[in-house]
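This report refers to the structure that appears directly beneath it.
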Amino acid sequence: MKAVELEKTYNPAAFEDRIYKQWVEDGNFRPADGNGTPFTVVMPPPNVTGILHMGHALNNSLQDIIVRYQRMTGRPTLWVPGTDHAGIATQNVVERQLAREGLRRQDLGREKFLERTWQVKEHHHSIITEQLRKIGASCDWEHERFTLDEGLSKAVREVFVTLYERGLVYRGMYLVNYCPHCGTALADDEVEHQEDAGHLWEVNYPFADGSGNITVATTRPETMFGDVAVAVNPDDERYKAIVGKMVKLPLTDREIPIIADSFVGIEFGTGMVKITPAHDPNDWECGKRHNLTPINILNPDGTLNDVCPQQFRGLPAEEARFKVADELKAQGYLKGVKDYNHEVGHCYRCHTTVEPYMSEQWFVKMKPLAEKALKAWRDGEIRFYPRRWENTYSSWLENIRDWCISRQLWWGHRIPVWYCGDCGEMIVSRTDVTVCPKCGKSHLHQDPDVLDTWFSSWLWPFSTLGWPQQTADLERFFPTSTLVTGYDIIFFWVSRMIMAALEFTGKVPFHDIYITGLVRDKLGRKMSKSLGNGIDPLTVVENYGADAMKFTLCYLAAQGQDVLIDMDSFKMGSRFANKIWNATRFILMNLEGRNLVEVKPENMTDMDKWIFHSMNECARKVSTSLESYRFNDGAQAVYDFFWNDFCDWYVEAAKVSLYSDDDAEKDRIVSLLLQLLETSMRIMHPFLSFLTEEIYSRLPNTEGKVICAKFPGYREDLVFTEQAALVGTMQEIVRGVRNAKVQLGIDAARKLRITVRPESEQLKSFLEDHSKLLSTFLNAESLIIDATASSDVTSAFPVAGQGYESFVFVRDAIDVDKEIKRLEDELVKTRALLAGSEKKLSNPQFMEHAKPEAIEKEQSKKAEFEEKIQKAMSHIETLKSF
RNA sequence: GGCCGUGUAGCUCAGUGGGAGAGCCCCAGUCUUACACACUGGUUGUCGUAGGUUCAAAUCCUACCGCGGUCACCA
């Protein structure tokens with residue numbers, strides 16, 4: 001056979017791009033034909049606001065691993081990629097760009113602004129897709145979608161109109177969360193509460209009849225111009241008498257009533273609350289209960305409007321706060337002020353303080369949708385990994401609130417509602433409307449607002465497959481199989497997808513939900529731009545290769561755990577990839593002049609059987625790990641098998657054959673090595689995709705690509721438990737001798753005479769069969785296997801183990817005193833263990849309750865300790881006689 | 001404040017009822033004709049604290065402490 005050499009060093013950059021291109025050209029990411037149960041994953045669409053970070057790399061690496069694994073089991077597999085238009089976020093990016101040019105979006109106008117936003121989208125989209133290619137994502141690009149593309153826009157309109165028809169979408173004037181910076185309403189979930197340092201001002205409101213005053217406490221004095229009442233608790237004895245009286249609102253001419261409402265805490269502050277329905281959610285509810293008309297005091301940009309006194313108009317709320325306080329003080333209304341920390345809502349996109357703001361918005365009535373989603377979960381149709389996220393899911397759904405879906409933005413799905421300028425008719429329509437169906441006139445204007453981004457992404461699992469049309473894809477690939485995503489969007493996205501799918505397709509959108517951890521730095525901090533602790537996935541790929549990145553992330557992705565990494569973490573995967581490369585290189589180097597032969601089980605040594613057994617177990621572990629989303633277990637299984645078993649023992653053992661003069665044996669071992677290598681590549685392909693593909697193409701015993709190859713199933717005929725145990729014992733013997741030599745301070749290179757005394761016939765014949773191998777591993781000058789060898793051989797150092805004893809002839813090269821000391825230390829330890837064991841066995845409770853196996857084990861342990869003590873004592877004697 | 005998670009070797013973490021593990025780090029030795037991104041051997045632990053259940057607890061239960069997350073309208 002011709003030798004096919006591998007380049008001397010593992011250099012992923014030399015082949016990763018080429019291989020990816022080839023996969024795409026050959027259509028390897030397309031779902032296979034055939035009628036196996038399809039496996040489908042939809043990629044959580046990254047926002048087109050930026051480029052992929054480490055979190056995306058983790059997420060997509062894990063998806064890639066299960067997708068490749070499932071593809072190799074023969075299921076038609078589809079991984080749908082795509083991107084999200086990310087309304088607020090993308091619009092913010094473009095507005096920031098404009099600001100640098102001294103422009104506002106209004107200067108461009110809606111159309112020009114959108115053109116520009118599309119350019120930004122295209123730019124980021126091309127970077128993102130390039131990144132996904134670089135990391136090796138085996139998604140089907142022919143199925144790529146964008147949340148704002150034509151098909152998905154149709155789906156959005158269909159859903160909006162249908163929900164409207166079902167009475168689940170409504171419009172109304174409500175107090176919503178409003179971000180003055182983004183200029184739009186936000187959903188409740190889009191508000192992040194964080195504690196801010198503020199003040200609690202105590203303000204005197206005089207009675208209208210001049211009979212003194214009351215004191216209210218507030219964190220926001222500037223909203224007083226919107227006050228419509230002052231509330232006290234009806235059970236508050238202090239204030240019972242004044243309920244119904246009028247007070248004069250300072251700095252204004254208005255008078256407002258004192259009302260009683262049980263939401264007021266008697267203990268807090270002064271027990272009196274100013275009621276400002278237009279600017280506080282509690283007050284809004286309170287105002288409704290008491291039929292009070294809200295007074296809005298803010299402009300949409302967060303500045304005080306014309307309702308307020310002249311001097312405060314146009315000031316931002318926060319600035320006005322202190323000005324109002326100053327004025328109150330100047331006029332003698334301010335009783336006191338305290339520092340006070342309290343929770344304040346912030347925009348999740350720009351972190352500006354959110355204002356409760358009264359405006360007309362569109363909402364989705366969520367309760368009916370949530371009930372279906374809860375039922376599907378209770379019926380076991382969906383399952384979270386790890387399970388605990390199900391609590392998060394269910395408690396959110398149980399306490400769900402209506403969803404504000406209109407956004408005062410330009411970038412997004414325009415709300416499909418038109419208003420007639422002549423007759424005032426409102427038309428909700430799946431298609432564009434140009435003529436009013438009521439009055440026949442054409443003075444129509446479409447609602448200027450767009451829909452919340454999540455209103456398109458909640459349809460992702462079915463809209464990407466063609467819904468609302470009943471396409472072949474939808475028929476075949478929906479419901480999808482698994483969703484892989486982060487816990488930060490369980491509410492935003494996961495729950496809503498389940499609700500939408502149930503409402504519109506009657507099915508759950510996916511069955512398994514794997515929730516990944518967050519990627520953090522080694523100090524446990526989130527990676528962020530502001531901290532500058534982020535790691536760019538592309539830099540990792542450049543430094544270590546995509547396989548090293550994927551393998552490392554997988555190895556660290558324990559279910560339910562965050563992944564803490566720094567750049568050096570990826571050395572782990574890199575070293576492993578390098579090891580695989582070099583092992584392959586070694587095997588390929590030994591092909592020159594060899595013939596491949598078929599090695600039947602009867603021609604296999606116990607060593608051969610052991611490695612096949614181990615590989616078989618490895619394949620099984622990978623299968624069970626990946627099917628239960630225990631990614632780290634899978635990665636560890638291939639790492640341990642390939643490095644510890646295959647390289648460290650089997651390939652080392654094979655050298656005995658390779659360096660012999662026996663051509664038949666050489667052919668045999670090379671054939672086995674290639675066979676093992678071929679199967680290993682298939683087992684490892686999901687984790688190290690580029691490397692295994694490259695190696696697969698170089699092996700003389702392969703056809704086609706590993707990406708399309710069959711994942712090795714578990715084979716009963718490769719179970720060799722006895723052989724595995726024998727090899728295990730041999731490894732122990734070897735380690736024992738090596739260890740003894742080091743402890744005795746003997747140079748590893750020094751060859752010594754060694755005798756091994758096996759205690760069973762089976763072990764004896766195994767060792768005899770592998771005596772040359774054992775001798776090599778032991779680096780022995782000579783090796784004798786003798787079942788009758790005795791422990792009192794003068795000048796031999798004994799090493800005992802389960803079922804055997806080794807004697808190392810060390811007299812010439814040891815420090816006797818040091819060794820005696822070591823043995824005596826060991827004696828102390830062993831005696832302690834024996835004492836523990838004896839205590840257990842003499843405990844009647846233990847003897848009565850413990851499982852028979854446990855007792856048996858304890859007894860054999862005790863015997864072992866006793867034997868060990870005997871031996872140690874006799875060794876000490878032996879050494880003392882030297 | 002509620003709920004959830006977490007606390008195991010110097011670091012990052014596996015392990016979840018029967019003799020404490022991996023990788024990195026560290027120490028000693030080895031450039032042994034695939035790999036120094038390697039090989040060989042070694043050190044390191046009141047398994048957060050205190051109780052409890054059990055013949056047996058890192059593992060199950062309770063409380064507490066630390067850290068993290070998440071939800072919550074207290075002006």
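Chain naming here is simple, since letters A, B, ... match the order of the sequence lines and numbering starts at 1 in each. FYI, side chains are in, hydrogens and waters are out, and symmetry mates aren't considered; it's all heavy atoms of this structure.
The neighbour count for A:K338 NZ, taken as heavy atoms of other residues, nucleotides or ligands under 6.0 Å away, does not exceed 12.
On the C1' atoms, B:G45 is 5 Å away from B:A9, given to the nearest whole Å. Going from the P atom of B:U16 to that of B:G52 covers 26 Å, rounded to whole Å.
Within 4.0 Å of A:R387, counting heavy atoms only, lies no atom of the nucleic acid at all. Here A:R220 lies out of heavy-atom contact (under 4.0 Å) with every strand. Contacts of A:F491 with the nucleic acid, taken as non-hydrogen atoms under 4.0 Å apart, involve only primed sugar atoms and P, OP1 or OP2.
Spacing between atom CH2 of A:W649 and atom P of B:C39 amounts to 13 Å, rounded to whole angstrom units. With rounding to whole Å, A:D568 atom CG is found 14 Å from B:U12 atom P.
The backbone N or O of A:K666 lies less than 3.5 Å from no partner atom in the side chain of A:S657, so there is not a single donor-acceptor pair.
Below 30°, between 30° and 60°, or above 60°: for A:F576 and A:F642 the angle between ring planes is above 60°, a perpendicular geometry.
Remark: B:G29 base-pairs with B:C39; criterion is Watson-Crick or G-U wobble with both hydrogen-bond distances under 3.5 Å. When both distances must be under 3.5 Å, the Watson-Crick or G-U wobble mate of B:G1 is B:C71.
Annotation: cation-pi geometry satisfied between A:K655 and A:F586 (NZ/CZ under 6.0 angstrom from ring centroid, within 45° of ring axis).
Distances shown here put a side-chain N or O of A:R738 below 4.0 Å from the OP1 or OP2 atom of B:G41.
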